[in-house]
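Whatever order the structure lists them in is the order used to number ligands and atoms, beginning at 1. Scope of the values below: all heavy atoms of this structure, side chains included, with no hydrogens, waters or symmetry mates.
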Amino acid sequence: MRIDIATLFPEMCERVFNESIVGRGIKNGFIEIYAHNIRGYSENKHKNVDDKAFGGGTGMVMQAQPIYDCVKAISALHKTPPRIIYLSPQGKTLTQETVRELAQENGLILICGHYEGVDERVIEELCAEEISVGDYVLTGGELPALILTDAVARLQAGVLPNEDAYSIESHFSGLLEYPQYSRPEVWKGRKVPKVLLSGDHKLVSEWQRKMSLEVTKRKRPDLYRAYIRKQTAGFIREFKKAQTLYNAEKFSTLKMTDEELKYVKRGKMRMFKAEKNKGEYVILTDTLGIPKFIILITGKTGNFVKFRLIYKPKKEENND
Ligand code: SAM
């Protein structure tokens, strides 16, 4: 992949992308990153690149011509048409999902604005998409371009040691990562969770999965809710694919402890206390909201409901 940054401050960019992991990725030929000085393309004899804004205002506006010629010259260096992006506080906010999508491209050209911004016409003429790094305003597009470059570069094969290095990280699957610990085992009286020292890979990965959900729920309830919604929708899709017997359209949910879920799965629980009605389809989830089974309420006695287990995913069946 090739990334070109069009900027008034190429040295600022080069200093950053030539360092550390991305710098090693460039040296080892896994990615190409270049910074180009827009000023070099100015047709003005003094190499000016900005002028006062029509209609007044405090700051200067970057003119269209140098940016346009710079981007056109860089485009010609690409083997396939690159995706052109203007880093702008008015753009779509950068997410890991967008980063993953951009990482599939052969080439990107990133335009950095400065001062009051850039002449609108050049963005229109280049059909540049706008990407923001957040709802705040910086003095220039260089830091946003470097953020985007770093995030995209680390997903290129070879830049990180393997896919695990990024696929278990925060945001990749919609969740935040579990907490990490290193030596010593006890620091200022704080111990590393025992399970991480057990050497039992299954237990460790169960703990990591649980913590990942807990951390997301606590720190980013918005992400957690979106994740649960997605999991539940997928679960219902799988249920509908797997059976033709039940004409279930509406589902309610009910949280259960791991112990209770075990009883349900093994058929050792036939009734439980719940405010559910006969004929209701209920998705039983674990305490963190992950869907596990679907039951149909078959009867009611006082506060207790009787039910039939009508769906357990293949993975659960195999764990019996
Ligand atoms: N006048 C512009 C506005 O209000 O929308 C802001 C211009 S800003 C001071 C100068 C340049 O910094 C922009 O052209 C853009 O390239 C970059 N920039 C500032 N904040 C940014 C953000 N949150 N995301 C991406 N780029 C940003």
Side-chain angles (χ1 to χ4, degrees), residues 1-17 19 22 31 33-44 47-75 78 82-105 107-155 170-171 220 222-223:
M1 177 183 214
R2 175 180 174 132
I3 302 179
D4 290 276
I5 305 177
T7 166
L8 292 177
F9 302 94
E11 294 86 3
M12 177 179 169
C13 300
E14 283 158 358
R15 199 166 292 169
V16 175
F17 65 63
E19 289 291 332
V22 175
I31 184 158
I33 309 176
Y34 305 96
H36 308 262
N37 197 338
I38 295 171
R39 198 176 292 282
Y41 293 85
S42 171
E43 284 173 351
N44 180 289
K47 291 286 171 203
N48 287 346
V49 289
D50 56 289
D51 210 331
K52 287 185 201 141
F54 281 122
T58 338
M60 303 293 268
V61 173
M62 283 176 71
Q63 292 163 292
Q65 176 274 315
I67 297 175
Y68 183 79
D69 288 352
C70 177
V71 170
K72 283 290 159 191
I74 303 168
S75 294
H78 284 249
R83 204 152 145 181
I84 302 172
I85 295 165
Y86 167 46
L87 280 309
S88 157
Q90 300 180 11
K92 184 177 97 177
T93 309
L94 187 66
T95 61
Q96 188 65 24
E97 206 183 331
T98 312
V99 168
R100 276 166 80 173
E101 189 204 314
L102 294 175
Q104 308 296 319
E105 299 284 342
L108 302 178
I109 296 181
L110 309 180
I111 304 169
C112 305
H114 227 85
Y115 318 120
E116 262 313 297
V118 310
D119 189 315
E120 191 65 23
R121 292 168 296 180
V122 70
I123 303 305
E124 289 167 7
E125 183 66 24
L126 290 168
C127 298
E129 58 191 292
E130 297 186 39
I131 293 185
S132 162
V133 290
D135 290 343
Y136 43 82
V137 176
L138 300 163
T139 54
E142 287 70 23
L143 292 173
L146 289 166
I147 288 172
L148 190 154
T149 299
D150 187 287
V152 167
R154 65 200 296 284
L155 298 192
S170 298
H171 301 296
R220 290 290 304 272
D222 57 327
L223 292 183

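If you check which protein heavy atom lies closest to atom 23 (N) of ligand 1, you get Tyr136 O, 2.8 Å. What sits closest to atom 18 (N) of ligand 1 on the protein, heavy atoms only, is Pro89 CD, 3.7 Å. Distance from atom 14 (O) of ligand 1 to its nearest protein heavy atom, with residue and atom name: Tyr86 OH, 2.6 Å. Annotation: atom 20 (N) of ligand 1 to nearest protein heavy atom, Leu138 N, 2.9 Å. The nearest heavy-atom contact from the protein to atom 16 (O) of ligand 1 is Leu87 O, 2.6 Å. Of all protein heavy atoms, the one closest to atom 7 (C) of ligand 1 is Glu116 O, 3.5 Å. What sits closest to atom 25 (C) of ligand 1 on the protein, heavy atoms only, is Ser88 N, 3.3 Å. Closest to atom 24 (N) of ligand 1 among all protein heavy atoms lies Val133 N, 3.1 Å.
Near Gly141, the atoms of ligand 1 lying under 4.0 angstrom from a non-hydrogen atom of the residue are 12 (O), 16 (O), 17 (C). Ligand-side atoms of ligand 1 in range of Gly117: 14 (O), range being under 4.0 angstrom from any heavy atom. Residue Gln90 approaches ligand 1 through these ligand atoms, each under 4.0 Å from one of its heavy atoms: 3 (C), 5 (O).
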Chi angles and distances behind the side-chain contact (heavy atoms from CB on, under 4.5 Å) call for Asp69, Glu43 = CA-CA 9 Å; Asp69 288 352; Glu43 284 173 351; 3.7 Å; yes
key: Criterion side-chain contact (heavy atoms from CB on, under 4.5 Å) on Met1 and Leu108, from CA distance to verdict   = CA-CA 8 Å; Met1 177 183 214; Leu108 302 178; 3.6 Å; yes
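Comparing Gly140, Ala145, Pro144 by heavy-atom distance to atom 12 (O) of ligand 1, the nearest is Gly140.
In Thr139, the part holding a heavy atom less than 4.0 Å from any atom of ligand 1 is the backbone. When non-hydrogen atoms are compared, ligand 1 lies under 4.0 Å from the backbone of Tyr115 (N, CA, C, O) but not from its side chain. Residue Met62 does not touch ligand 1, judged by heavy-atom distances below 4.0 Å. Contacts between Asp135 and ligand 1, counted as non-hydrogen atom pairs separated by less than 4.0 Å, are absent for every part of the residue.
Side chain of Ser42 to backbone of Asn48: a donor-acceptor contact under 3.5 angstrom is found. Under the 3.5 Å distance criterion, the side-chain polar atoms of Thr149 are matched with a main-chain donor or acceptor of Ala145.
For the pair Ile85 and Leu102, the minimum side-chain heavy-atom distance is below 4.5 Å. Residues Pro82 and Asp4 fail the side-chain proximity criterion, which asks for heavy atoms closer than 4.5 Å. Using a 4.5 Å cut-off on side-chain heavy atoms (C-beta onward), Val99 and Arg154 make no contact. Under the 4.5 Å side-chain criterion, counting only non-hydrogen atoms from C-beta, Met60 is in contact with Lys52.
Of all the heavy atoms in Cys112 and Ile5, the pair that sits closest is SG-CG2, 3.6 Å.
Rounding to the nearest 0.5 Å gives a distance of 9.0 Å between CD1 of Ile111 and CG of Leu87.
Between Val137 and ligand 1, not a single N/O pair is under 3.5 Å apart. Between Val118 and ligand 1, a contact under 3.5 Å exists for no N or O pair.
Atom CD of Glu97 sits in a sparse spot, with 12 or fewer heavy atoms from other residues, nucleotides or ligands closer than 6.0 Å. By the 6.0 Å contact criterion, CG on Asp222 is enclosed, its count of non-hydrogen atoms from other residues, nucleotides or ligands being greater than 12.
For Ile131, the closest heavy-atom approach to ligand 1 falls below 4.0 Å.
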